[in-house]
Amino acid sequence: MEKRALWTSCYLVRFVTLFLCARASDNLPLCKETDYYFEYTECDSTGSRWRVAIPHSQGSCSGLPEPVRGTDCTFSCEAGEFLEMSSQQCTSCAAGSYSLGSGVRFDQWDSIPAGFSSLATYMDSGGSGDESMTCNNSSWTPQGTHLESNRDDCTVSLVYAVHLMKQGSVSFDYQYLDSNVFFEFFIQNDQCQEMDQTGSEKWIKLTSNGEWGTHTVNLKSGTNILYWRTTGMLLGGKPVKPVLLKNIQIEGVAYTSECFPCRPGTFSKTPGSSSCDLCPRNTYSGKGASSCTPCSKTQYSQEGWSECKERPPCSEKDYFQIHTACDSDGKTQMLYRWVEPQVCVENVTGAVTLPPSGEKEDCPPCNPGFYMHNSSTCLPCPQGTYSDGTTECQRCPGGTEPSLGYEYKWWNILPRNMKTSCFNVGNSKCDEMNGWEVAGDHIRVGVGGSDNDYLILNLRVPGFKLPTSVDDASATEFGRITFIFETDCSADCELYFMIDVNRKSTNVVESWVGSKPRQAYTHTMTKNASVSYTWAFQRTNKASDVRQYVNDIAKIYSITVTNAMDGSASGCHACAMMSQQDGSSCVPCPAGHFINKDTNQCQECPPNTFLSGHHIYGKEACQPCGPGSKNNKEHSVCFNDCTFSHLDQNRTLTYDLSALSSVGSIMNGPSFTSKGTKYYHQFNISLCGAEGRKVAVCTDNVTDLSSKDLQNESADLNNFIKTFVCQSTIIPADGRGFRTSLSSQSISLADTFLGASVHKNLDGVTVSSDLFPESSWKVPDINFFFRSPQPTASCLNGRSTVVTLRCNPEKSARGELTVPSKCPAGTCNGCEFHFLWESSSACPLCTETDYHSIEGACKGGVQDTLYVWNEPKFCTKGVLLPNKTSAQCEVVSLWVKAGIGGGAFMAVLLVSLTCYFWKKNKRLEYKYSRLVMSANKDCELPAADSCALAEGEGEENEDDVVYSNTASLLGKLKAIASKMETTASQYS
């Protein structure tokens with residue numbers, strides 16, 4: 001009541017003031033209806049309001065109508081009506097105008113409408129000077145029929161504030177093609193607090209090339225501030241594709257006091273219209289038109305044009321060539337047709353005429369899997385038969401079955417499961433044109449209506465059917481598409497290849513910019529689902545009414561899809577048989593089995609092998625696993641079970657890497673774009689274990705989603721990949737005013753595990769020695785090799801990844817991941833990625849050779865033995881260090897031990913000397929006795945030449961003869977003994 005009384009007092013003060021002013025100006029003329037307008041006052045707490053008259057010019061007239069009670073605050077008119085304020089009654093809109101009743105619509109974008117604003121926001125890049133000021137020129141730009149976001153890496157918001165009297169909604173049409181742009185829509189209240197929104201309401205889904213999406217969000221009553229915000233990421237220097245907006249419609253404004261005039265190029269024929277229709281071709285209209293005016297005969301217009309243009313002289317860009325369908329004689333002919341609708345004039349100076357039709361030629365053969373019917377129509381072979389396209393369909397031999405799929409290499413007519421279209425975001429000039437045209441041995445893009453048209457070719461595959469003998473549950477490849485193409489351009493043309501799985505959302509798989517030589521591209525399907533393959537070609541992304549690049553073309557020579565569910569067969573492949581008897585049917589092989597060529601029966605692959613793709617015929621289908629890996633139970637993949645062994649210097653080193661089995665992450669940076677946006681590169685690595693499953697997850701456009709959260713979120717929002725190694729670009733929460741971190745540009749770096757080895761090369765993947773510093777620990781590094789074979793425009797051979805494990809006992813069991821210092825993004829060329837994972841878990845398990853024993857002193861008859869690790873210690877886990885042991889011993893003093901040792905040494909030395917001299921003496925004694933005997937034969941000394949021993953006698957060397965002038969004691973004793981013996985013999 002107090003609030004109502006206060007409002008009433010304010011109103012009375014205003015009324016008295018106006019009354020006094022009117023009395024003071026009695027000489028002013030009375031106000032006419034054109035001198036004023038009506039408005040409602042603000043609603044009070046009871047939902048009431050007053051209608052008051054407001055003069056256009058204060059003090060210009062007198063006698064304004066008195067205030068009257070207004071309609072209820074929640075009152076609104078129906079669509080096609082407006083609230084006539086004089087009578088406060090709903091009135092139908094006049095022809096040439098429209099109304100939404102309780103809403104407003106913005107569908108004309110020649111300029112940014114009143115109430116909208118474009119705001120560029122910046123980030124503090126840490127003292128980067130005035131770098132952020134370069135975003136001053138970034139804004140949403142009106143393009144007539146739609147709004148276009150900025151093409152740089154600035155953050156720009158389109159803002160609109162609306163006050164709703166009741167609950168309502170906002171909806172808009174958009175085109176969002178580039179995942180390098182973050183596009184979000186959020187709502188704030190009048191306190192600048194962000195309203196509660198689900199992730200699917202805030203983050204906008206990508207759309208396909210040439211398609212418009214519609215996004216609708218409910219609004220609460222009161223003030224709602226709407227934000228459309230985009231942030232580009234120019235990481236490769238390539239401009240982003242802008243986001244396009246149109247047809248913004250807001251419901252819940254309670255009433256509208258006037259109808260909106262139809263924008264130029266549209267009309268509303270009847271009163272009470274809620275929308276305006278586009279003017280047909282060759283007509284035009286101005287603003288607020290109730291009908292369209294026809295163009296003169298020398299002029300033309302497209303649908304929805306606001307003016308007519310003069311018809312130009314016909315030129316080469318106004319016609320195209322086609323191949324007629326095969327006639328009953330098997331002939332085809334090249335014809336030329338004017339681009340429809342024809343806007344050019346033929347009978348003026350400088351105009352060209354249609355070239356004459358070509359001569360009839362033999363039709364190309366049918367595509368493989370088809371046969372010629374009635375010499376004019378190609379039909380698919382019946383089930384169980386095959387054909388190469390030139391012969392009649394035949395049944396497959398026994399022990400084989402048809403190889404289903406599509407193989408399109410002759411383009412006389414467009415196959416039944418393909419369609420083509422033309423689309424332009426800014427006009428409908430090419431809506432009824434063919435985007436692609438068949439041309440015999442290839443299919444090529446059509447002329448289109450303008451150079452920035454999207455020329456679209458679509459191939460629909462309902463699903464995939466694996467060969468009978470392949471186990472569906474263990475299959476890693478359900479099918480693959482291969483196409484051969486080339487582009488020839490003089491401008492910035494671009495060819496997109498996109499995939500839509502299960503009709504959810506279309507994603508760009510690869511794109512090629514500019515001219516590209518003839519080449520093949522292959523994409524593999526790893527799950528069984530319905531899929532739509534789309535090729536879109538755009539000559540330039542710059543809109544222009546003048547055709548400059550009509551001769552820029554893209555050609556596709558062949559398209560091959562394997563295992564297509566509704567495909568036809570161009571050949572047969574072997575299948576497993578229940579028995580070798582004739583007529584036996586094909587049977588599925590269990591997981592991990594191949595077809596024996598000799599028996600045509602299933603046989604399990606040898607250990608440490610895996611089945612390559614869906615080919616299981618012959619033992620060679622079982623490919624050997626790489627080093628350091630083994631097969632899973634199904635023989636579908638090879639993986640490392642977090643163990644490794646290596647023979648080093650006659651010693652087997654065994655590793656336990658189980659501590660590294662969970663996903664490891666590394667975020668490097670920060671880096672900055674040219675406009676100062678801070679971003680990081682995050683890598684997630686699944687090294688080993690998990691039975692070969694890919695458990696590293698990277699997400700797009702969502703924040704902090706763990707693997708367990710993926711099942712709880714909307715499937716449409718889950719743009720994520722699961723692989724062995726993946727990379728995401730992260731914009732932190734403080735990067736551009738975002739309240740949460742943003743993740744985008746997720747790519748797989750490792751789809752296949754090649755093996756683990758201490759060598760630096762495996763299957764063409766190499767580790768450079770200068771990427772990381774040499775290890776100070778004397779343990780070899782273990783290299784885990786991965787590959788992602790999917791080719792890209794910049795990596796024609798796909799990507800490769802090497803994770804190097806290095807023993808570092810000073811690190812924890814989980815260790816630390818790093819990237820090369822000279823390649824801080826993890827790669828130096830964008831195709832080869834390298835990581836170093838230092839961990840104590842990368843050290844070998846301890847064995848008995850890693851410790852030694854130390855014996856203690858004998859104390860009290862007991863001697864202890866301790867065991868200690870060899871230093872430095874390079875091992876972990878493994879055997880435990882033995883406990884201390886004790887043994888009995890005798891106590892002997894050191895000096896006693898020394899005496900015994902010395903005595904034993906002297907005894908040995910004395911015995912040795914005694915033996916030596918005894919032997920020497922015996923030899924001398926022998927010589928002396930011989931001399932004495934020879935001297936006493938004749939009782940006189942022998943002559944000098946007769947006293948010597950015979951040559952060689954006695955076997956003495958001259959060095960053994962000792963000459964002496966005096967007889968030695970020993971000699972004297974021997975002489976006495978000799979004489980005594982001689983005397984004794986004489987007497988006897």
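- Listed for the Thr487 side chain is a donor-acceptor partner under 3.5 Å among the backbone atoms of Gly514.
- Counting heavy atoms from C-beta on, the side chains of Ile499 and Tyr533 come closer than 4.5 Å.
- How far SG of Cys638 is from CG of Asn632: 7.5 Å, rounded to the nearest 0.5 Å.
- Screening Leu414, Asn458, Val445 against Trp436 for a side chain to side chain contact (heavy atoms under 4.5 Å, CB included) leaves a single residue, Val445.
- Here the shortest heavy-atom pairing between Ser665 and Asn684 reads OG-OD1, 2.7 Å.
- Put simply, CH2 on Trp837 and CG on Leu657 are 9.5 Å apart, with the number rounded to the nearest 0.5 Å.
- Distance alone, capped at 3.5 Å, places no donor-acceptor pair between the Ser629 side chain and the Gly755 backbone.
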(request) Take Gln538 and Lys241 through the test side-chain contact (heavy atoms from CB on, under 4.5 Å) and record every step on the way to the result. (result) CA-CA 12 Å; Gln538 188 181 38; Lys241 295 187 178 299; 4.3 Å; yes
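- No side-chain N or O of Thr524 forms a donor-acceptor pair with one of Glu477 less than 3.5 Å apart.
- With 3.5 Å as the limit, one finds a donor-acceptor pair spanning the side chains of Thr804 and Asn783.
- Side-chain contact between Phe464 and Val561: present, with at least one pair of heavy atoms (C-beta onward) separated by less than 4.5 Å.
- Side-chain contact between Cys688 and Phe639: absent, with no pair of heavy atoms (C-beta onward) separated by less than 4.5 Å.
- In this structure, Phe497 has its ring center under 6.0 Å from that of Phe483.
- To the nearest 0.5 angstrom, Gln623 atom CD is 13.0 Å from Asn631 atom CG.
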(request) Decide yes or no on side-chain contact (heavy atoms from CB on, under 4.5 Å) for Ile556 and Phe537, but give the supporting numbers first. (result) CA-CA 11 Å; Ile556 295 179; Phe537 181 75; over 6 Å; no
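- Within the 3.5 Å criterion, the main-chain N or O of Ala659 finds a donor-acceptor partner in the side chain of Arg814.
- In terms of modelled atom types and a separation under 3.5 Å, the side chain of Ser746 and the main chain of Ser728 share no donor-acceptor contact.
- A side-chain donor-acceptor contact under 3.5 Å links Asn367 to the backbone of Lys409.
- A donor-acceptor contact closer than 3.5 angstrom is absent between the side chains of Ser686 and Arg693.
- No side-chain donor-acceptor contact under 3.5 Å links Gln682 and Tyr680.
- Atom NZ of Lys822 sits in a crowded spot, with more than 12 heavy atoms from other residues, nucleotides or ligands closer than 6.0 Å.
- Here the side chains of His834 and Phe772 are in contact, with some heavy-atom distance below 4.5 Å.
- A distance of 5.5 Å separates SG in Cys698 from CD1 in Ile721, rounded to the nearest 0.5 Å.
- Between Ile559 and Met418 the shortest side-chain heavy-atom distance falls below 4.5 Å.
- Panel note: side chain Thr420, backbone Ile456; a donor-acceptor pair is recorded below 3.5 Å.
- Within 6.0 Å of the NZ atom in Lys419, the count of heavy atoms belonging to other residues, nucleotides or ligands does not exceed 12.
- The 12-atom threshold is not exceeded at CG of Asn797, counting heavy atoms of other residues, nucleotides or ligands nearer than 6.0 Å.
- Between the side chains of Thr534 and Asp500, no donor N or O sits under 3.5 Å from an acceptor N or O.
- Taking NE2 of His593 as the start and CG of Leu611 as the end, the distance is 10.0 Å to the nearest 0.5 Å.
- Heavy-atom contacts from other residues, nucleotides or ligands closer than 6.0 Å to CH2 of Trp512 number more than 12.
- The shortest heavy-atom contact between Arg806 and Pro773 is NH1-O, 2.6 Å.
- Side-chain N or O atoms of Thr207 include one that pairs as donor or acceptor with a backbone N or O of Tyr176 at under 3.5 Å.
- Residues Asn541 and Tyr454 have side chains that never bring a donor and an acceptor to within less than 3.5 angstrom of each other.
- Panel note: side chain Trp535, backbone Leu495; no donor-acceptor pair is recorded below 3.5 Å.
- Minimum interatomic distance between Ala842 and Cys807 (heavy atoms only, all atoms of both residues): O-CB, 3.5 Å.
- Looking at Leu653 and Pro780, their side chains come closer than 4.5 Å, going by heavy atoms from C-beta outward.
- Taking both residues in full, the closest heavy atoms of Ala825 and Phe833 are given as O-CE2, 4.2 Å, listed atom of the first, atom of the second, then distance.
- Checked against Thr540 for a side-chain hydrogen bond (donor to acceptor under 3.5 Å, both in side chains), the options Asp492, Asn452, Asp453 give a single hit: Asp492.
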(request) Give the C-alpha distance, both sets of side-chain angles, the deciding distance and a yes or no for side-chain contact (heavy atoms from CB on, under 4.5 Å) between Ser800 and Phe785. (result) CA-CA 8 Å; Ser800 63; Phe785 295 87; over 6 Å; no
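- Judged purely by distance below 3.5 Å, without hydrogens or angles, the side chains of Gln790 and Tyr521 pair a donor atom with an acceptor atom.
- A donor-acceptor pair is defined here as one N or O able to donate and one able to accept, closer than 3.5 Å; no such pair exists between the side chain of Asn608 and the backbone of Cys625.
- In this structure, Glu620 places its CD atom where more than 12 heavy-atom neighbours from other residues, nucleotides or ligands lie under 6.0 Å away.
- In this structure a side-chain-to-backbone donor-acceptor pair under 3.5 Å is present from Asn640 to Gly628.
- Heavy-atom minimum distance, Thr723 versus Val725: CG2-O, 3.2 Å.
- Summarising the geometry, atom NE2 belonging to His759 is positioned 13.0 Å from atom OG1 belonging to Thr766; distances are rounded to the nearest 0.5 Å.
- Inter-residue side-chain proximity for Met498 and Val508 is flagged as met; some heavy-atom pair is nearer than 4.5 Å.
- Counting only heavy atoms from C-beta outward, the side chains of Leu817 and Phe683 never approach each other to under 4.5 Å.
- Contact between Arg539 and Gly446 at its shortest, heavy atoms only, is NH2-O, 2.8 Å.
- Asp488 and Lys555 are not joined by a salt bridge, as no carboxylate oxygen comes within less than 4.0 angstrom of a charged side-chain nitrogen.
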(message) side-chain contact (heavy atoms from CB on, under 4.5 Å), that's the test. Do Arg799 and Ile747 meet it? Break it down for me.
(response) CA-CA 10 Å; Arg799 300 182 177 95; Ile747 58 174; 3.9 Å; yes
